[in-house]
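Shown next, in structure tokens, is the structure this report addresses.
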Amino acid sequence: MIIIIEFASKKRLPEVIALWKEAFGDGEEYVKNFFGKMNGEKNMILRIEEGETVSMASMLPVKCGGYRGRYIYAVATAEKCRGRGYCREVMAFIHNFMAECGENFAILVPAEKSLFDFYKKMGYSQTVFAPDIADAGKITNKCTVSEYYNMRKKLFSEYDLIEWGEKELSYILSPGETWKTEDGAAYFEDGKAVEILSRRIFSEVWTKPFALIRYIGDTEIKRPYFGLAMN
């Protein structure tokens with residue numbers, strides 16, 4: 001049996017689309033858009049078995065202060081191949097690649113509570129909690145991505161902001177709208193506040209388990225904040 005784990009290529013895009021649709025239900029245009037805008041050829045890993053893509057994961061660049069990291073996203077295995085450890089093989093490839101590149105941490109957002117334990121078995125340990133605040137306050141004017149990006153960095157300077165680049169943030173915010181508020185800004189999707197930029201959140205209790213971190217080497221992030229993940 002011939003098994004290869006490698007970076008995605010455009011010729012594999014139809015197989016990526018098929019696996020993505022099976023695993024997550026998104027349409028072809030969504031996957032093509034993600035692959036193109038998020039540099040799928042550089043940031044997506046595939047497990048190829050007998051010439052067929054059977055498992056995948058994306059590893060998108062993020063940073064935190066002087067640390068470089070990856071956000072692990074779209075982890076999927078073909079239904080007919082599940083339970084064989086393929087996901088672990090792909091994740092191990094990513095972690096080894098990161099170590100070779102001198103990157104410091106991987107972060108992911110488990111889709112379900114049960115997956116927290118699944119990923120902890122792969123070395124993901126520190127839980128990142130999200131603020132519980134839900135009221136954005138009074139909305140004033142529309143906010144550009146650049147304005148939101150800068151406000152976000154400034155607000156969370158007291159925390160270790162696990163930060164998207166402006167291009168990646170623009171992609172994440174594209175399904176919804178960003179608005180200025182009386183004391184900051186907020187991002188909405190379908191009329192619901194997804195992230196609120198306000199100093200009020202620092203008086204709230206952060207109890208919602210949101211993400212998990214796996215450190216590469218001796219890195220440690222003491223007060224991490226990661227409020228925006230891919231849908």
Side-chain angles (χ1 to χ4, degrees), residues 1-64 67-112 115 118-119 122-124 162-175 211-214 216 226 228-231:
M1 181 180 294
I2 300 175
I3 298 170
I4 303 170
I5 298 180
E6 63 182 12
F7 285 87
S9 62
K10 286 184 179 179
K11 72 177 183 179
R12 293 283 181 186
L13 184 54
E15 295 175 37
V16 170
I17 291 171
L19 177 53
W20 192 303
K21 289 172 70 174
E22 178 188 90
F24 309 116
D26 296 310
E28 181 173 333
E29 288 306 311
Y30 177 92
V31 184
K32 285 182 177 178
N33 187 46
F34 173 85
F35 192 90
K37 292 188 175 180
M38 294 293 102
N39 296 324
E41 290 179 277
K42 294 181 179 180
N43 297 326
M44 183 178 285
I45 304 300
L46 306 180
R47 185 189 193 278
I48 314 297
E49 184 174 286
E50 297 294 337
E52 179 185 0
T53 299
V54 294
S55 192
M56 69 179 186
S58 289
M59 49 174 204
L60 306 173
V62 291
K63 62 182 181 179
C64 183
Y67 296 133
R68 293 183 298 134
R70 297 279 182 161
Y71 169 63
I72 311 302
Y73 176 64
V75 181
T77 297
E79 187 172 2
K80 66 183 180 181
C81 299
R82 290 173 190 169
R84 302 179 188 176
Y86 292 178
C87 170
R88 290 179 181 275
E89 292 179 21
V90 171
M91 295 291 281
F93 181 96
I94 288 173
H95 299 150
N96 289 335
F97 172 81
M98 292 179 64
E100 290 173 4
C101 293
E103 296 176 339
N104 307 108
F105 67 95
I107 186 167
L108 53 79
V109 177
E112 301 173 3
L115 292 177
F118 175 75
Y119 285 112
M122 296 186 199
Y124 287 81
I162 296 173
E163 179 187 348
W164 292 104
E166 193 166 348
K167 183 191 79 169
E168 289 80 12
L169 185 65
S170 178
Y171 177 86
I172 293 169
L173 299 178
S174 61
L212 291 172
I213 297 176
R214 184 187 196 276
I216 311 295
F226 185 62
L228 286 175
M230 298 280 182
N231 284 337

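- Between A8 and G40, the shortest heavy-atom distance links the atoms CB-O, 3.7 Å.
- Under the rule for a side-chain hydrogen bond (donor to acceptor under 3.5 Å, both in side chains), the partners of E52 that lie at least two apart in sequence or sit in another chain are K80.
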Check the pair C87 / F118 against side chain to side chain contact (heavy atoms under 4.5 Å, CB included), numbers first and verdict last.
CA-CA 11 Å; C87 170; F118 175 75; 4.1 Å; yes
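- Using modelled atom types and a 3.5 Å distance limit, the side chains of E103 and Y67 yield no donor-acceptor pair.
- Considering CD1 of I45 and OG of S55, their distance stands at 11.0 Å, rounded to 0.5 Å.
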Side chain to side chain contact (heavy atoms under 4.5 Å, CB included) evaluation trace for R70 with L60:
CA-CA 5 Å; R70 297 279 182 161; L60 306 173; over 6 Å; no
Begin from the C-alpha positions of K167 and S170 and carry the test side chain to side chain contact (heavy atoms under 4.5 Å, CB included) through to its verdict.
CA-CA 5 Å; K167 183 191 79 169; S170 178; 5.7 Å; no
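- In this structure, C81 SG and Y86 OH are separated by 5.0 Å, a value rounded to the nearest 0.5 Å.
- Here the straight-line distance linking atom CZ of F93 with atom CG of L46 works out to 10.0 Å at 0.5 Å rounding.
- Residues satisfying the side-chain contact (heavy atoms from CB on, under 4.5 Å) test with N33, not counting sequence neighbours, are K37, Y171.
- Heavy atoms only, all atoms of each residue included: V90 and A57 are closest at CG1-CB, 3.8 Å.
- No donor-acceptor pair under 3.5 Å is formed between the side chain of R47 and the backbone N or O of I4.
- A pairwise comparison of heavy atoms in L108 and I72 identifies CB-O, 3.7 Å as the closest pair.
- Atom NZ of K10 sits in a sparse spot, with 12 or fewer heavy atoms from other residues, nucleotides or ligands closer than 6.0 Å.
- Atom CE of M38 sits about 11.0 Å away from atom CE of M44, to the nearest 0.5 Å.
- Judged by distance alone, with hydrogens and angles left aside, the side-chain atoms of N104 form no donor-acceptor pair with the main-chain N or O of G69 at under 3.5 Å.
- None of I162, V109, L228 except one satisfies the side chain to side chain contact (heavy atoms under 4.5 Å, CB included) rule with Y71; the exception is V109.
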Evaluation steps, ring pair (Phe, Tyr, Trp, His ring centres under 6.0 Å), between Y30 and F35
CA-CA 9 Å; Y30 177 92; F35 192 90; over 10 Å; no
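- In plain terms, the two heavy atoms of F24 and V75 that are nearest each other are CZ-O, 3.6 Å.
- M91 has its side chain within reach of Y119: a pair of non-hydrogen atoms, C-beta onward, lies under 4.5 Å apart.
- Listed by chain and residue number, nothing satisfies the side-chain hydrogen bond (donor to acceptor under 3.5 Å, both in side chains) test with E168 (two or more places apart in sequence, or in another chain).
- Between H95 and Y124, the ring planes lie tilted relative to each other; the angle falls in the 30° to 60° range.
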Yes or no on side chain to side chain contact (heavy atoms under 4.5 Å, CB included) for I48 and R12, after CA distance, side-chain angles and deciding distance?
CA-CA 10 Å; I48 314 297; R12 293 283 181 186; 3.5 Å; yes
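- With rounding to the nearest 0.5 angstrom, the CD1 atom of I5 is 14.5 Å from the CE atom of M56.
- Listed by chain and residue number, V16, I17, W20 satisfy the side-chain contact (heavy atoms from CB on, under 4.5 Å) test with V31 (two or more places apart in sequence, or in another chain).
- In this structure K32 satisfies the salt bridge (charged side-chain N to carboxylate O under 4.0 Å, His left out) test together with E28, sequence neighbours excluded.
- What you find for G123 and R214 is that their closest heavy atoms are O-CG, 3.3 Å.
- Scored by the salt bridge (charged side-chain N to carboxylate O under 4.0 Å, His left out) test, E6 finds no partners at all (sequence neighbours excluded).
- Rounding to the nearest 0.5 Å places CZ of R88 at 4.5 Å from CE of M122.
- Across W164 and M230, no two heavy atoms sit closer than the pair CH2-CE, 4.2 Å.
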